[in-house]
*Asks:* 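Let me give you the structure first, and then I'll get to my questions.
Counting starts at 1 for both ligands and their atoms, following the listed order.
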Amino acid sequence: MSLFENTLTQIQKAAKLMKLDPNVETVLSNPDRILEVSVPVKMDNGAIRIFRGFRVQHNNVRGPYKGGIRYHPQVDMDEVKALATWMTIKCAVVNIPLGGGKGGVIVDPKELSLRELERMTRRYTMAISNFIGPDIDVPAPDVYTNPQIMAWIVDEYSKIHGKNIPGVVTGKSIAIGGSQGREDATSQGGVYVLEEVLKQYGKKDVKDTRVIIQGFGNAGSHVARMLHAKGFKIIGVSDSKGALYCKDGLNPADAMTCKIEGGSVGECYGSGEACEMMTNEQILVADCDILILSALENQITAANAAQVKAGIILELANGPVNPEADEILEGMGVKVIPDILANAGGVTVSYFELVQNNMNYYWTAEEVQTKLKTIMVAAWQSVHDNSLKFDTSFRAAAYISAMRRLEEAIKMRGGY
Ligand code: GLU
């Protein structure tokens, strides 16, 4: 099954449970607009290389298209369609007035010089510039994109339009109109939801709750820091090169030092008896209470779902558990906190960033935190209520919350 087919499977499951109007399901199963662009870039050696770029605008019935841009060698149109669809659903789960979109460029950014990366970003911006804008479609960071890349997009787009337009993207640095709290918003939102879930379903004291985190990028490293500070026992971390498992707990700050100095969290951590190196496959099924998936899609599948030891899975990545694995985990009683709820803190603070750009007036970190918490807790309550009402998983319940809101908007506006 392709990633977009996974998405459709999730939509279908919830649509059936909630008896969604089939016309609404049809609309939500078909992205509004699909762009594929050629991105020619003069490389440092003088040769022109063509990169392929995508932007999918899935649905804007509740507000402008919104969603990140991913730079990855394996990105393709099917993946971007899935990710764009999840953005529409995600924004509706947290009830913010935005739609869904996603972009991607097939590239391994680690192979490009900084200048090449800048030229590629500017050229991609130019290629999609007629289709984005603060009221139209607002990109943001995703896998291997960051505030520097957002700054180049703002600069290029503003040049084309002859004025400064910071609201064309979110996830910017504070220096050019970013929001307090955006950097770690995905993790912060996930922590707020996790705490609510543990209030209902937690079985142990925080200090005895053992956590494994797959992926040590933006989401993974911040969630590790936050949970460690709250007293959770972080016993495993991994990145694309390796994994480390310490049964008595580890300090994520040391793992970060290892990553910076040795290139991987698994490389240089103290070789004490309580620690062992693992492969990425092993860490996913190692003994723990909470497994946090913050890498890429399709990590838990029919091949490894039955071996999962965690009682709770928090999806900070998009699509890390596929539909077959979902069925198996549901049967095992594992609670999966789905991506469209768990990682929605990122786009929620992106929404705050847009609002602040529009007002040209900026909030304190405390204001951002308070507003984010209110939204995440309300979203969880709606998802939890639906999971009880329809006797279903948190994922299906989150789709039900989102698709009810989308259904209302689609029917109210009409126009088909
Ligand atoms: N890329 C993030 C996501 O998948 C953030 C999107 C945004 O802030 O627009 O949710």
*Asks:* Could you tell me whether E408 and R405 make a salt bridge, using a distance below 4.0 angstrom between a side-chain N and a carboxylate O?
*Replies:* no
*Asks:* Any pair with a residue in residues 337-363 that passes salt bridge (charged side-chain N to carboxylate O under 4.0 Å, His left out), sequence neighbours left out, goes on the list, sorted by first then second residue, please.
*Replies:* K172-E353, D339-R395
*Asks:* Using 4.0 Å as the upper bound for N to carboxylate O, is an ion pair formed by K13 and E330?
*Replies:* yes
*Asks:* Measuring from each atom of ligand 1, which residues have a heavy atom under 4.0 Å away?
*Replies:* K66, G67, G68, M87, K90, K102, A140, P141, D142, R182, N318, G346, V347, S350
*Asks:* Please list, one pair per line, the donor and acceptor atoms closer than 3.5 Å that link side chains of residues 101-117 to other protein atoms, with sequence neighbours excluded.
*Replies:*
unit_1, atom_1, unit_2, atom_2, d
K102, NZ, D142, OD1, 3.0
D108, OD1, K110, N, 3.1
K110, NZ, Y144, OH, 3.2
S113, OG, D44, OD2, 2.6
S113, OG, E116, N, 3.1
R115, NH1, E118, OE1, 2.3
E116, OE1, S113, N, 2.9
E116, OE2, D44, N, 2.8

*Asks:* Test of understanding: with side-chain hydrogen bond (donor to acceptor under 3.5 Å, both in side chains), list the residues that count as partners of K411, not counting sequence neighbours.
*Replies:* D21
*Asks:* With a 4.0 Å cut-off, would you call R210 and D287 a salt bridge?
*Replies:* yes
